[in-house]
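The structure appears right after this line, and notes come after that.
Counting from 1, the numbers follow the sequence of the chain as shown. Whatever order the structure lists them in is the order used to number ligands and atoms, beginning at 1.
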Amino acid sequence: MGPPGAGKGTQAAVVSDSLDIPAISTGDIFRDNVEAGTALGEKAKRYMDAGEYVPDSLTNAMVGARLAERDARNGFLLDGYPRTVAQVEELDTMLSDLDSRLDAVILLEVDREELIARLLKRAQTEDRSDDTEDVIRRRQEVFDEQTAPLIEVYEGRDLLVRVDGVGAVDEVRARVVSALPRRAAGSR
Ligand code: AMP
């Protein structure tokens, strides 16, 4: 978890590599669908371009299908999911059906000014259609309204691990991996 610009995607890639498990990034799956022109991509695009969340029903169905794939059997890292209370509930059901559970929820913490600076820089280098200044602001608001409440939910379940997200990619990766409980990182 983390606000837009905290480095979720970057860390998901390097941490999942370190743990040898797949990273499941809902943002990437949506972008792939937009690029491929699928029906899901078409539906998702207008929400993404406005900085809004794609409806839970679409997002949950997509994650459910992905978690059922073979490579997720020995573990997985979710990047950018769940993002709403309804998604937390749906994920609970999916995991219980799969006889699985979360080992930890990593919160990448980066202060707001640094986040905006990073996103504006990314806008110049990655050409994402949702990295314009207005949409960046809206995405921060949506995070505060819909996703920030999940911090307390996972804190209450004793799963939340706060990690300082400022630093070189490898420094942050090392912080994330060392902050994971033994049951997630120890056997690998
Ligand atoms: P990200 O790459 O994680 O920043 O996601 C990019 C965009 O994809 C978000 O701004 C949302 O429009 C959409 N998205 C990604 N994950 C979710 C999710 N869990 N729920 C709803 N929308 C999502």
Side-chain angles (χ1 to χ4, degrees), residues 1-16 22-69 72 76-95 102 105-110 112 114-151 153-154 159-160 163 165 169 172 176:
M1 284 182 66
K8 294 187 299 296
T10 303
Q11 287 302 319
V14 293
V15 170
S16 63
I24 300 176
S25 161
T26 44
D28 281 351
I29 303 176
F30 283 133
R31 278 184 290 277
D32 288 347
N33 274 275
V34 170
E35 212 163 296
T38 67
L40 174 64
E42 242 164 65
K43 285 185 198 145
K45 185 173 171 23
R46 61 193 166 103
Y47 297 100
M48 296 169 78
D49 285 351
E52 305 293 334
Y53 286 165
V54 177
D56 287 332
S57 55
L58 291 176
T59 309
N60 288 333
M62 183 179 87
V63 173
R66 181 63 188 88
L67 279 178
E69 283 178 37
F76 49 82
L77 186 158
L78 291 167
D79 160 25
Y81 181 91
R83 264 170 147 117
T84 66
V85 172
Q87 291 179 14
V88 170
E89 287 165 5
E90 184 62 24
L91 178 61
D92 287 343
T93 305
M94 287 184 226
L95 292 179
L102 296 179
V105 176
I106 305 289
L107 175 65
L108 283 178
E109 296 188 301
V110 175
R112 183 120 321 180
E114 167 81 13
L115 289 175
I116 305 276
R118 285 185 185 186
L119 288 167
L120 290 171
K121 193 167 161 211
R122 185 170 82 185
Q124 291 171 350
T125 54
E126 286 184 25
D127 196 29
R128 269 178 57 157
S129 57
D130 59 352
D131 274 343
T132 62
E133 202 168 336
D134 282 354
V135 178
I136 287 172
R137 201 165 295 124
R138 180 62 195 146
R139 284 164 60 214
Q140 299 287 347
E141 279 172 11
V142 171
F143 175 84
D144 290 343
E145 287 162 12
Q146 300 196 50
T147 304
L150 274 52
I151 295 171
V153 171
Y154 284 121
L159 285 174
L160 194 82
V163 172
V169 170
V172 178
V176 171

Determine, step by step, whether D131 and R139 satisfy the salt bridge (Lys or Arg N to Asp or Glu O under 4.0 Å) criterion, reporting the C-alpha distance in whole Å, the side-chain angles of both residues, the deciding distance to 0.1 Å, and the verdict.
CA-CA 9 Å; D131 274 343; R139 284 164 60 214; 3.0 Å; yes
Between [X] and ligand 1, is there a nitrogen or oxygen pair with a distance under 3.5 Å?
{"X": "G80", "result": "yes"}
{"X": "Y81", "result": "no"}
{"X": "V54", "result": "yes"}
{"X": "D79", "result": "no"}

Could you walk me through whether L102 and L91 pass the side-chain contact (heavy atoms from CB on, under 4.5 Å) check?
CA-CA 10 Å; L102 296 179; L91 178 61; 4.2 Å; yes
Of all the non-hydrogen atoms in the protein, which one sits nearest to [atom], and at what distance?
{"atom": "atom 6 (C) of ligand 1", "result": "R31 NH1, 3.6 Å"}
{"atom": "atom 5 (O) of ligand 1", "result": "G27 CA, 3.6 Å"}
{"atom": "atom 20 (N) of ligand 1", "result": "Q87 NE2, 2.9 Å"}
{"atom": "atom 23 (C) of ligand 1", "result": "F30 CE1, 3.7 Å"}
{"atom": "atom 10 (O) of ligand 1", "result": "R139 NE, 4.0 Å"}
{"atom": "atom 11 (C) of ligand 1", "result": "E52 O, 3.6 Å"}

Under a 4.0 Å N-O cut-off, is there an ion pair linking R137 with E133?
yes
Less than 4.0 Å between a side-chain N and a carboxylate O, is that true for R31 and D28?
yes
Quick check on contacts: which atoms of ligand 1 are under 4.0 angstrom from a heavy atom of T26?
15 (C), 16 (N), 17 (C), 19 (N)
Which atoms from ligand 1 have a heavy atom of T59 less than 4.0 Å away?
18 (C), 19 (N), 20 (N), 21 (C)
Shortest heavy-atom approach to atom 18 (C) of ligand 1 - which of R46, M48, R83, K8:
R83
Tell me which one of N60, D56, T147, D92 satisfies side-chain hydrogen bond (donor to acceptor under 3.5 Å, both in side chains) with Q87.
D56
With sequence neighbours left out, the residues meeting side-chain contact (heavy atoms from CB on, under 4.5 Å) with V110 are A6, E114, L115, R118, V166
Identify, with sequence neighbours excluded, every residue that meets side-chain contact (heavy atoms from CB on, under 4.5 Å) alongside A61.
none
V135 vs D49, side-chain contact (heavy atoms from CB on, under 4.5 Å): CA-CA, chis, key distance, verdict:
CA-CA 7 Å; V135 178; D49 285 351; over 6 Å; no
Donor-acceptor contact present, side-chain Q11 to main-chain V169, <3.5 Å:
yes
